[in-house]
Amino acid sequence: MDELLRFFSKTQPRRPAVVRQVLSNKRTVSNLFWGLRYRILDWLAVWPQLEKAKFDDSITEMIEKKYLVEINGEGFCLTELGVKSRDVFLKNHYNIKSPYLFCRFKMQLWQDILRLLMQVVSEASYENNHYYVVASSFQARTSIKIWYQKYYEHDLGPLLAEQLFLFLGNEKAQDADAFMQLFSGHELVAKTAEQIAVNSGCSTRDIEFLWNDLSARFAEFLSEGASVFKNLVMPIKRTSLLSKSAEETYRLYKNGMPLSKIEAERRLKGSTIAEHLLEAAIFVPNFNFQRLISVEEARLFKKLFKGDIDKWRYEELQKNNFKISFAKFRLYQIEQSKLEIAEE
Amino acid sequence: MTISDKKLEELLQKHFGFSEFRSGQKDVIHSLLERKSTLAILPTGTGKSLCYQLIGKICKKPVVIISPLISLMQDQVEQLRFAGEKRVVALTSVLPFERKKYVIEHLEHFNFIYLAPEMLNKKEVVEKLMGLDLALLVVDEAHCISKWGPDFRPDYLGLGDLRKKLNSPTTLALTATATKKVEEDIIRILFDRQKIKTIRHSVDRPNIFLAVENVENQKEKNQKLVQLVERLKTPGLIYFSSKKKADEIADLLRQKSKLNVSSYHAGRTAIDRYTVQQQFMRGELDVICATSAFGMGVNKKNIRYVIHYHLPADLESYLQEIGRAGRDGKQSIAILLYQASDVILQRQLINMTLPEDEMIQYYMDNMQRLKGHAGEQGELLDYYCKQGLSSRQVKELFSRRRDEKSKNLNEILAYINTAECRREYIKRYFGEEGSQIHSGLCCQLMGEKLDLAKLGMEETEEVTAESSISSNYQKTIRKLFNL
Ligand SMILES: [Zn+2]
């Protein structure tokens, strides 16, 4: 799994566990924070079925091959050899262009819906209604049914073709060809990722990544357009990257409710509310940090913590007997990280 | 109700688009129309499900079908929908909660209700069923009721009671294979020893040639397989007892032959399984490397061969699996690849699924703690504990089942090693009367060379790699939408 090399850096030591948990969407505040630090948060949830054992094995292998080297117990860095292998890999394999879209949509549901949509419209184009429906979840079938009842009178074949031509016109022809082979329709059976891989000489995972990437971007494309298909995509678009509970906390916070009142309203512990706000601080653009960090606190942080944000330690505050919570310290780290990234 | 044969054929044409019945179907339908409960033992491929589907259409009352396999139910539901029946549902544990609730509340809306046996533990389901006026109660794969059969399902034991609660409606018990002993069990447990009609059609499929090829080791087995697959007429089906092996050999065959080969098993995604099955149905695949997950509900008529790479669990499942060949009546072949060490693998499988005495004792001593964490074996043990059996009784029971499974294995080995006609052996095993007259088109006797050419089983046309339709995306889009 040489594709994992891209998640490591030549200069910043990174912990493999964080990489794995970001890719497979294990959302703890700590993972999200380090994901932000490693500049890999765009890849959140890109690989939900990644298995720990396989991941660990391939990390071990990359260490043995001297692609990765451990730095003072802080994590691993890419070696010269690692950088070379990474570049070779990226040149020869499918590159996901929009990983950040993977958690903007309910991907699995969307992929089921998309396959069904293609089949339903294709069969309708041939006025056939006797066919074996592609394997799909109940939820996907219901979504399609409701949508179809509203739009079946439109000439859906040409409309869908138009959207596909517009969208795929901007892709490499070879990628577009592979993508379209993944659909079944009238008198046309799809190919499995493995079959396409064999025929085109790439790996099965390349095709799986291509499928995820292109289907996510097609969802984005439809959601930003004005076609009859927009209504099919909008319900599965996520308006926020926050978990449901964090979202609720943040809504109250944004409305100006004091923290003590949020705790009471949500019947949650202060520490949980703090976690929710940290999550919001990571994901929400223009998060209001000033409301949580006072001017004096900010001044103190600025005095105590300089240089590489990765190396700041909360113990520094404790050692000097400042009674400031860990959450505030982490919040400051997040704020400074976001400023740093904005400047890059 | 009696309906003339001619009228029945008209109804068959009207509802399902077939012009004639297959062997056994008409007998079963007549028996049910006379409101006689029936045990139908029909070989696979005779269209058992059509019997009750047509009854449902004729009687215009609901039919309830108990079926042990979710995938099988889903296939049947799809087929009925395909035939234009909208009011059909499969009530199983995989339905989302809300949908399940809706279906149970509106059960009377459906004409065909497929039920997983575990659904019958739900009071509201049984109560709802009691309120329906059924055309027919169907117990599919009825051999699952027998503790002596290979597919015993504890949930099935309650079906006799269910039938009584529903006021003993006309009932159809269906199975592909049942020995005398299993037949007796079905009559005793499901029908409470009532007199019912048994309709039995021969398990023998004369157009399937029976062969066993002995090999020394794994390497030779793979070579033999490649040779066979390269020479045999396609399409073909190869069965494995391991998913990994199925994938591995599919890879090997892709490399060594020009054929289009794919694998099918429970480890693949639902969408891949759909795709592979459709490709096979449409003739785009020459060979499928499958586990027993493949085949139920697959109605492909021209499968030319079924090869077993591993030993089947018993003769019943062997016949069921090879029965997928030659449904068009043309010459076909079943080949069992046998390597002596396969027996060890099969014995290990038996031990893995059936707990040993120590395991039973340990589980029963620590039940509270282990409940729900001991996998398939635990579930079985749990069931017996609920029945109030002591650990001694449970141990006895499992030791009997282990013996039974070994016995099944020995039957397979005896089939492999028999010096006489293999077909004769099978018929005798299933208690069929009349003896087999062996000929060159019947089976490969021990020590004989397999002559594919003489059987007309050799592929004579040059196999050309699939002229894959241009994968150009613009063309694909135009083809998809008829532009
Ligand atoms: Zn013979």
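Below, chains carry the letters A, B, ... as their sequence lines are ordered, and counting in each starts from 1.
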Exercise for the section: Could you walk me through whether B/Glu284 and A/Gln195 pass side chain to side chain contact (heavy atoms under 4.5 Å, CB included), step by step? Expected result: CA-CA 12 Å; B/Glu284 292 173 16; A/Gln195 289 167 337; over 6 Å; no

Practice task
Give the C-alpha distance, both sets of side-chain angles, the deciding distance and a yes or no for side chain to side chain contact (heavy atoms under 4.5 Å, CB included) between A/Ser136 and B/Tyr274.
Solution key: CA-CA 10 Å; A/Ser136 45; B/Tyr274 169 89; over 6 Å; no

Handout entry: Which atoms of B/Tyr473 approach chain A - backbone, side chain, both or neither, heavy atom under 4.5 Å
Key = both

Exercise for the section: Give the C-alpha distance, both sets of side-chain angles, the deciding distance and a yes or no for side chain to side chain contact (heavy atoms under 4.5 Å, CB included) between B/Thr476 and A/Leu188. Expected result: CA-CA 9 Å; B/Thr476 313; A/Leu188 197 68; 4.2 Å; yes

Practice task
Please identify each residue that fulfils salt bridge (charged side-chain N to carboxylate O under 4.0 Å, His left out) with B/Glu108, with sequence neighbours left out.
Solution key: B/Lys128

Interatomic spacing from [atom1] in [X] to [atom2] in [Y] - rounded to 0.5 Å:
X	Y	atom1	atom2	result
B/Asn482	A/Ser125	CG	OG	6.5 Å
B/Ile271	A/Trp211	CD1	CH2	8.0 Å
B/Asn472	A/Met180	CG	CE	10.5 Å
A/Leu159	B/Phe481	CG	CZ	10.5 Å
A/Met118	B/Ile477	CE	CD1	7.0 Å

Handout entry: Heavy-atom pair count under 4.5 Å with chain A, highest-scoring of B/Arg81, B/Met281, B/Arg268, B/Arg273
Key = B/Arg268

Handout entry: Option that, when pairs with chain A are counted at under 4.5 Å, heavy atom only, ranks first among B/Leu95, B/Val276, B/Thr269, B/Asp272
Key = B/Asp272

Show the nearest heavy-atom pair for residues [X] and [Y], with the distance to one decimal.
X	Y	result
B/Pro96	A/Phe138	CG-CD2, 3.8 Å
A/Pro158	B/Leu483	CG-CD2, 4.0 Å
A/Ala135	B/Ala270	CB-O, 3.6 Å

Problem - Over 12 non-hydrogen atoms of neighbours within 6.0 angstrom of NZ in A/Lys145 - result: no

Practice task
Step through the shown structure and confirm whether more than 12 heavy atoms of other residues, nucleotides or ligands are within 6.0 Å of CD on B/Glu118.
Solution key: yes

Practice task
Please determine if B/Lys479 and A/Glu187 form a salt bridge, counting it only when a charged side-chain N lies under 4.0 Å from a carboxylate O.
Solution key: no

Handout entry: Residue pairs, two or more places apart or on separate chains, that pass ring pair (Phe, Tyr, Trp, His ring centres under 6.0 Å) and touch residues 217-248 of chain A
Key = A/Trp147-A/Phe229, A/Phe167-A/Phe218, A/Phe167-A/Phe221

